[in-house]
Engineer: 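Right, I'll just put the structure down here and ask away after.
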Amino acid sequence: MSKVSTIKIQVGLDDQKVPESIEWSATDNKEERMIKAKGMIVSFWDPAERAALRIDLWTKDMMVDEMADFFFQTMMTMADTYGRATPYKDQADDLRAFAKDFFKKFQDKQAAEEAGK
């Protein structure tokens, strides 16, 4: 191994251990400071168990519309990754279509809630 990159994640918790702040940095990042975030989804593949190990966290001030955007963008990125990593472009396209439908349904719910006020 000729190079090692380190990713550091700091999570500030309240008295009930609910995340109040999330910050991260990486040795390969141009930024030389901790970068603020409101949410994170980290997945690791355990080949021995054939299982995904995940850390999903979000701060208590993350708004519902931010969460919908976060999930939409994450699903689109996952589709891009799957499309590059496998020969199954059709499934990558299926995931993109699902993500778009997911986000459209969220937007429709938000519009209905606004109209009902």
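Throughout, residue positions are numbered sequentially from 1 according to the sequence presented. Values in this document were obtained by computation on a predicted structure and should not be read as measured data.
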Engineer: Under the salt bridge (Lys or Arg N to Asp or Glu O under 4.0 Å) test, which residues partner Asp61, sequence neighbours left out?
Structural biologist: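 In terms of salt bridge (Lys or Arg N to Asp or Glu O under 4.0 Å), with neighbours along the sequence ignored, Asp61 is linked to no residue.
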Engineer: Only counting residues at least two apart or in another chain, list the ones meeting salt bridge (Lys or Arg N to Asp or Glu O under 4.0 Å) with Asp46.
Structural biologist: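 For Asp46 there are no salt bridge (Lys or Arg N to Asp or Glu O under 4.0 Å) partners, ignoring immediate neighbours.
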Engineer: Can you see which heavy atom on Lys36 is nearest to which on Glu23, and at what distance?
Structural biologist: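 Looking at all heavy atoms of both residues, the shortest contact is NZ-OE2, 3.4 Å.
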Engineer: Within a radius of less than 6.0 Å around NZ of Lys89, do more than 12 heavy atoms belonging to other residues, nucleotides or ligands occur?
Structural biologist: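 Counting other residues, nucleotides and ligands, NZ of Lys89 exceeds 12 neighbours.
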Engineer: Residues two or more places apart in sequence or in another chain: which of them pass side-chain contact (heavy atoms from CB on, under 4.5 Å) with Phe102?
Structural biologist: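 Scan of Phe102 (side-chain contact (heavy atoms from CB on, under 4.5 Å), adjacent residues dropped) gives Phe71, Met75, Phe98.
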Engineer: If Ile, Leu, Val, Met, Phe, Trp and Tyr residues are connected whenever their side-chain heavy atoms lie under 4.5 Å apart, and connections chain through other members, are Val11 and Ile41 in the same group?
Structural biologist: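 No: no chain of side-chain contacts under 4.5 Å links Val11 to Ile41.
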Engineer: Check whether any side-chain heavy atom of Thr59 sits under 4.5 Å from a side-chain heavy atom of Met62, and report yes or no.
Structural biologist: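 A side-chain contact exists here, since the closest heavy-atom pair is under 4.5 Å.
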Engineer: Is there a side chain to side chain contact (heavy atoms under 4.5 Å, CB included) between Leu95 and Met78? Walk through the geometry before answering.
Structural biologist: CA-CA 8 Å; Leu95 184 52; Met78 289 172 62; 4.1 Å; yes
Engineer: In terms of hydrophobic clusters joined by side-chain contacts under 4.5 Å, are Leu13 and Ile22 together?
Structural biologist: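 Linked within one cluster.
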Engineer: Going hydrophobic residue to hydrophobic residue with side-chain gaps under 4.5 angstrom, can you get from Met67 over to Met40?
Structural biologist: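 Shared cluster, no.
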Engineer: Under 4.5 Å side-chain heavy-atom separation, chaining through any Ile, Leu, Val, Met, Phe, Trp or Tyr, what else clusters with Tyr82? Say none if it is isolated.
Structural biologist: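 Tyr88, listed by chain and number.
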Engineer: Do side-chain atoms of Thr27 reach the backbone of Thr6 as a donor and acceptor pair under 3.5 angstrom?
Structural biologist: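 Pair found, side chain donor or acceptor close to backbone of Thr6.
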Engineer: Is there a donor-acceptor contact under 3.5 Å from the side chain of Glu66 to the main chain of Met63?
Structural biologist: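 Here the side-chain-to-backbone pair exists.
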Engineer: Report yes or no: do Ile35 and Ile7 belong to one cluster of Ile/Leu/Val/Met/Phe/Trp/Tyr joined by side chain heavy-atom distances under 4.5 Å?
Structural biologist: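 Yes, Ile35 and Ile7 fall within the same hydrophobic cluster.
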Engineer: Out of curiosity, does Phe44 fall in the hydrophobic cluster containing Ile9 (side-chain heavy atoms, cut-off under 4.5 Å, transitive links)?
Structural biologist: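 The answer is yes; both residues are in one hydrophobic cluster.
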Engineer: Side chain to side chain contact (heavy atoms under 4.5 Å, CB included), that's the test. Do Asp65 and Phe106 meet it? Break it down for me.
Structural biologist: CA-CA 8 Å; Asp65 64 318; Phe106 167 76; 3.9 Å; yes
Engineer: With a cut-off of 3.5 Å and sequence neighbours excluded, list every side-chain donor-acceptor pair involving residues 47-58.
Structural biologist:
{"unit_1": "Arg54", "atom_1": "NE", "unit_2": "Asp56", "atom_2": "OD2", "d": "3.1"}
{"unit_1": "Arg54", "atom_1": "NH2", "unit_2": "Asp56", "atom_2": "OD2", "d": "2.5"}

Engineer: Among residues two or more places apart or on two chains, list those pairs meeting side-chain hydrogen bond (donor to acceptor under 3.5 Å, both in side chains) that have a residue in residues 96-106.
Structural biologist: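 Sorted pair list: Asp80-Arg96, Asp93-Arg96, Asp101-Lys105, Lys104-Asp108.
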Engineer: Could you check if a side-chain atom of Gln110 sits within less than 4.5 angstrom of a side-chain atom of Gln107, using non-hydrogen atoms only?
Structural biologist: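 They are not in contact (no side-chain heavy atoms under 4.5 Å apart), so the answer is no.
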